[in-house]
Number of protein chains: 2
Amino acid sequence: MAPTRLSPPDLLAILEDRGYRITGPRRDVVRLLERKGEGFGAEQLCGELPSVGRATIYRTVRLLLEAGILCKLALPNGAPKYTLARFDHHHHTVCTQCGTVGDFRDSTMERLMRAIGAEIPGQIVGHRLEVYITCQGCLDR
Amino acid sequence: MAPTRLSPPDLLAILEDRGYRITGPRRDVVRLLERKGEGFGAEQLCGELPSVGRATIYRTVRLLLEAGILCKLALPNGAPKYTLARFDHHHHTVCTQCGTVGDFRDSTMERLMRAIGAEIPGQIVGHRLEVYITCQGCLDR
DNA sequence: CAATTAATGATACAAAGTATCACTAGATGG
DNA sequence: CCATCTAGTGATACTTTGTATCATTAATTG
Ligand SMILES: [Mn+2]
Ligand SMILES: [Mn+2]
Ligand SMILES: [Zn+2]
Ligand SMILES: [Zn+2]
């Protein structure tokens with residue numbers, strides 16, 4: 001399973017398919033995201049794209065979230081971070097030292113989640129797992 | 001493993017052991033928490049304890065968090081919710097319809113987390129799992 | 001019952017995000 | 001192409017959630 005990295009035209013096409021216009025600001029945001037690593041904040045994007053209004057940044061992030069292009073990572077404190085969604089369903093590692101975010105998938109985990117249904121009242125509709133780590137960089141340092 | 005529910009005197013004793021004073025406002029907050037179900041917000045507590053200053057509510061919540069008496073539940077959107085921590089380590093169910101929060105523990109999950117260490121770069125220092133459900137009440141309704 | 005010092009709460013401030021609305025600029029069809 | 005239509009933009013104001021300050025209050029200790 002190669003990390004299916006989508007290029008900006010692809011991402012814009014997804015928006016277009018949903019009936020949204022391809023505008024200058026949206027192009028700018030998507031281009032910026034493409035160059036970005038894992039785990040960026042909305043306010044950070046505002047700082048790096050001063051030519052685009054803050055409201056538009058937030059609107060575009062919401063749009064990309066709804067389109068499944070971004071995933072939102074609610075941290076234990078502070079503003080949420082976003083990452084380009086490379087896989088349909090996956091989880092995240094967060095370094096508690098430096099905040100670096102990584103992706104991973106684990107099929108055993110998904111199987112277990114199905115099994116867990118029996119222990120839980122009601123019907124499972126989804127789940128979210130965050131693994132807190134000290135990343136390699138922080139271990140070395 | 002019986003759900004070890006602690007009473008307000010116990011909770012206050014934990015604070016006292018940590019060198020904090022037992023004050024009127026802290027007593028009020030703890031008493032309120034005791035009567036509360038799972039999953040309440042800080043702002044909600046402010047509304048229900050107008051006699052206690054907002055700053056003090058937030059300070060007390062932080063204190064109880066640090067003491068391990070509360071757990072903080074970062075939701076995918078909106079303000080975090082808190083619950084009385086009945087177990088040392090556990091996870092939460094959140095009903096996506098009505099927001100009701102529940103606790104659970106799963107030893108298989110914990111074992112799996114240890115195994116997952118091999119797949120992940122760096123060193124695991126913790127994890128957090130939220131299971132999104134439609135609760136029994138919402139299914140019935 | 002002082003004296004000491006932690007805690008309180010009014011207030012101001014900060015950060016993150018949303019609503020408004022006059023204006024701009026994509027899309028579309030002639 | 002151009003004119004039209006409407007989605008999108010961005011300045012601004014506002015809301016929500018949470019924190020910093022600081023004069024005042026009250027819990028502890030002896
Ligand atoms: Mn991701
Ligand atoms: Mn809990
Ligand atoms: Zn790190
Ligand atoms: Zn429900």
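Proteins get letters first, then strands, A, B, ... in listed order; numbering begins at 1 in each.
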request  = Name the nucleic acid region contacted by Thr60(B), choosing base, sugar-phosphate or nothing; use a 4.0 angstrom heavy-atom cut-off, strictly under.
outcome  =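 Counting heavy atoms under 4.0 Å across all strands, no contact is made by Thr60(B).
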
task = Check the pair Glu16(A), Arg26(A) against salt bridge (charged side-chain N to carboxylate O under 4.0 Å, His left out), reporting the backbone distance first and the verdict last.
result = CA-CA 11 Å; Glu16(A) 203 169 23; Arg26(A) 284 178 186 162; over 6 Å; no

inquiry  = Given dT8(C), dG8(D), dG17(C), identify the nucleotide with an atom nearest to the side chain of Ala42(A).
reply    =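 The answer is dG17(C), which lies nearest to the side chain.
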
key: Donor-acceptor pair under 3.5 Å, Arg54(B) side chain vs dG9(C) base   =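 Counting by modelled atom types and ignoring angles, no donor-acceptor contact under 3.5 Å is found here.
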
task = For the pair Arg18(A) (side chain) and Glu66(A) (backbone), establish whether a donor and an acceptor sit closer than 3.5 Å, ignoring hydrogens and angles.
result =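 Looks like yes, one N/O pair under 3.5 Å.
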
key: Parallel, tilted or perpendicular, as decided by the 30° and 60° cut-offs, for the rings of Phe104(B) and His91(B)   =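 Tilted: the ring planes of His91(B) and Phe104(B) meet at 30° to 60°.
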
ask   = Tell me: OH of Tyr58(B) to P of dA10(C), nearest whole Å?
value =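 Nearest whole value for this atom pair: 15 Å.
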
inquiry  = Quick check against the 3.5 Å criterion: does Lys72(A) have a side-chain atom that pairs as donor or acceptor with the backbone of Asn77(B)?
reply    =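 Such a contact is absent between Lys72(A) side chain and Asn77(B) backbone.
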
key: Of the listed nucleotides dG9(C), dA16(C), dT9(D), the one nearest the side chain of Thr56(A)   =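 Nearest to the side-chain atoms of Thr56(A), counting from C-beta on, is dT9(D).
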
inquiry  = With a 4.0 Å cutoff (strictly under), does any side-chain N or O of Thr23(B) reach OP1 or OP2 of dT8(C)?
reply    =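 True: Thr23(B) side-chain N/O within range (under 4.0 Å) of dT8(C) OP1/OP2.
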
inquiry  = Among dT9(D), dG18(D), dA16(C), which nucleotide has an atom closest to any side-chain atom of Pro25(A)?
reply    =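 Minimum distance to the Pro25(A) side chain belongs to dT9(D).
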
Nucleotide nearest Arg59(B) when distance is taken to its side chain, options dG10(D), dT21(D), dT17(D) =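 The nucleotide sitting nearest to the side chain is dT21(D).
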
Spacing between Tyr20(B) atom OH and dT5(C) atom P, to the nearest angstrom =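 Nearest whole value for this atom pair: 18 Å.
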
query = Among dA16(C), dT17(D), dG10(D), which is the nearest nucleotide to the side chain of Ala55(A)?
reply =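 The listed nucleotide nearest to Ala55(A)'s side chain is dG10(D).
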
message = Which is more 5' along DNA chain D, the nucleotide nearest Gly24(B) or the one nearest Pro80(B)? Just name the residue.
response =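 Result: Pro80(B).
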
ask   = dT19(D), dA7(D), dT18(C): which one has an atom nearest the side-chain heavy atoms of Arg21(A)?
value =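 Output: dA7(D).
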
